[in-house]
Amino acid sequence: MPAPAAVVAGLGTCLPTEEFDNAWLAARLDTSAEWIRTRTGIAARRRAAPDVSMRDLACEAGANALRSAGLRDVGGLILATTTPDRPCPAAAPEIALRLGLGPVPAFDLSAVCTGFLYAVTTAASMITAGIVDSVLVVAAETYTRVVDPSDRSTAVIFGDGAGAVVLRRGSSQERGALLAFDLGSDGSGKDLIHIPGPREQSDGPRWFSMAGRKVYLRAVEQMTASALRVMKDCAWSPSGVDALVPHQANARIIQAMAERLGVPPERAVCALGRVGNTAAASIPLALAEALRTHQLQEGARTVLTAFGGGLTWASTALTWPRLSAVSSEI
């Protein structure tokens with residue numbers, strides 16, 4: 001008898017309508033549009049309007065994922081974000097209410113850029129344990145509100161956006177079944193990706209900071225090792241992977257990881273060119289873009305992997321199912 005599994009059943013995204021390109025940034029920072037593009041692979045990114053909240057982006061992406069799955073209800077909701085509109089309460093219950101999901105279990109999860117895969121793994125565990133039969137996993141971020149607009153090292157990288165998937169109970173033999181998981185952390189790197197708290201910095205803006213070179217090296221190392229572990233669990237070789245979908249941090253990181261893994265470069269999805277690094281939301285946004293451009297197709301052996309602050313990392317693997325992503329802008 002096939003083992004029970006959580007199966008990807010729907011995919012939705014939402015981006016802010018406002019786009020700001022490298023030329024706009026170059027006019028305000030000590031840099032050039034070409035320098036930004038060659039260093040990051042990013043040509044433009046999105047920014048939420050002042051009257052659009054992280055919760056608004058999350059609701060829209062979640063509603064789109066439900067439409068993609070052809071469902072109106074799910075058994076639970078998990079929101080991955082590092083840029084909540086407020087510290088308390090968690091946003092997930094309000095999002096569940098706005099989506100008309102009723103009194104389902106709903107909570108926020110913070111694992112920075114790895115948050116989406118941590119949330120997917122948690123949701124899959126809830127499904128296979130029999131606690132719920134389906135979960136809406138949403139990742140939403142408004143990083144343009146936490147990066148210093150005068151800091152060339154971070155302001156050129158990050159954008160706002162949201163993505164979501166619906167997971168339902170199924171079997172491990174179905175396309176879309178999540179087949180393997182890998183999670184890890186290393187608190188010794190806690191200061192490499194950082195936003196100070198009130199006790200660390202009592203006055204002035206508390207901006208996001210990142211130790212770029214050290215993060216680059218750790219990201220390539222940990223995502224490569226984590227992806228290899230889920231490939232091993234699936235008995236897949238790197239050359240047999242059809243689609244590698246990493247966290248969309250930087251084009252150089254994606255290229256370096258694909259090369260180190262031995263995955264052909266054309267199979268590594270790099271979809272940050274017009275949206276930038278959207279942190280936890282980057283993987284579902286990249287999946288939707290890869291579907292739109294036919295880089296990701298039904299039946300593809302697909303590996304998702306991410307690295308983020310904490311430090312944290314995670315990977316999962318699946319054979320991509322037949323589905324259409326639903327996307328919108330607000």
Side-chain angles (χ1 to χ4, degrees), residues 16 18 20 25 28-29 45-59 61 77-98 106-119 122 138-162 183-216 218-219 222 247 249-250 276-282 306-314:
E18 182 188 358
F20 59 111
L25 282 167
R28 291 158 176 79
L29 300 170
R45 66 289 292 153
R46 302 295 183 95
R47 177 170 51 199
D51 60 346
V52 173
S53 67
M54 181 279 294
R55 288 166 288 162
D56 295 332
L57 292 169
C59 281
L77 188 152
I78 304 175
L79 171 68
T81 187
T82 317
T83 54
D85 298 318
R86 56 198 179 200
C88 179
E94 178 187 335
I95 294 166
L97 175 70
R98 289 170 61 175
F107 57 95
D108 293 6
L109 184 153
S110 177
V112 196
C113 297
T114 317
F116 174 72
L117 291 185
Y118 264 70
T122 303
V138 185
E141 303 282 18
T142 50
Y143 259 74
T144 62
R145 294 173 179 170
V146 298
V147 298
D148 181 351
S150 66
D151 179 3
R152 188 181 70 168
S153 68
T154 56
V156 303
I157 296 173
F158 290 93
D160 303 335
L183 302 174
S185 73
D186 178 4
S188 70
K190 60 183 172 53
D191 294 324
L192 297 183
I193 299 170
H194 183 233
I195 299 175
R199 295 187 63 178
E200 295 172 297
Q201 182 181 322
S202 59
D203 58 359
R206 292 191 289 273
W207 298 120
F208 173 92
S209 66
M210 181 168 63
R213 181 62 182 170
K214 291 180 179 178
V215 169
Y216 171 94
R218 297 293 295 272
Q222 295 298 350
H247 163 50
N250 180 308
N277 179 344
T278 53
S282 78
F307 174 88
L311 301 169
T312 56
W313 54 87

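By convention here, the first residue in the shown sequence is residue 1.
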Open item on the list: For Phe208 and Phe158, take the angle between the two ring planes, folded into 0 to 90°, and tell me which bin it lands in: parallel under 30, tilted 30 to 60, perpendicular over 60.
Closed with: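 Plane angle over 60°, so perpendicular.
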- [ ] Give the intermediate values and the outcome of side chain to side chain contact (heavy atoms under 4.5 Å, CB included) for residues Met54 and Leu79.
- [x] CA-CA 11 Å; Met54 181 279 294; Leu79 171 68; 4.0 Å; yes
Determine yes or no for a side-chain-to-main-chain donor-acceptor pair under 3.5 angstrom, with [X] supplying the side chain and [Y] the backbone.
| X | Y | result |
| --- | --- | --- |
| Thr81 | Ala140 | yes |
| Asp160 | Pro16 | no |
| Arg45 | Ile157 | no |
| Ser282 | Ala279 | yes |
| Glu200 | Gly197 | yes |
| Thr312 | Ala111 | yes |

Any chance you could measure [X], atom [atom1], to [Y], atom [atom2], to the nearest 0.5 Å?
| X | Y | atom1 | atom2 | result |
| --- | --- | --- | --- | --- |
| Asp151 | Met210 | CG | CE | 9.0 Å |
| Ile78 | Ile95 | CD1 | CD1 | 12.5 Å |
| Asp85 | Thr142 | CG | OG1 | 6.0 Å |
| Ser153 | Arg213 | OG | CZ | 15.0 Å |

Any side-chain heavy-atom pair from [X] and [Y] closer than 4.5 angstrom?
| X | Y | value |
| --- | --- | --- |
| Arg152 | Leu25 | no |
| Glu94 | Cys59 | no |
| Val52 | Leu57 | yes |
| Asp56 | Arg98 | yes |
| Trp313 | Leu117 | no |

Can you see which heavy atom on [X] is nearest to which on [Y], and at what distance?
| X | Y | result |
| --- | --- | --- |
| Gly161 | Ala281 | O-CB, 3.6 Å |
| Gly184 | Tyr118 | O-OH, 2.9 Å |
| Ala119 | Ala80 | CB-CB, 4.3 Å |
| Ala139 | Ala280 | CB-O, 3.4 Å |
| Phe307 | Thr114 | C-OG1, 3.3 Å |
| Ala91 | Arg55 | CB-CG, 3.7 Å |

Task: side chain to side chain contact (heavy atoms under 4.5 Å, CB included) assessment of Arg218 paired with Leu311 - done: CA-CA 9 Å; Arg218 297 293 295 272; Leu311 301 169; 3.5 Å; yes
TODO: Answer with yes or no whether the side chains of Glu141 and Thr278 bring together a donor and an acceptor at under 3.5 Å.
DONE: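 No - no donor-acceptor pair under 3.5 Å links their side chains.
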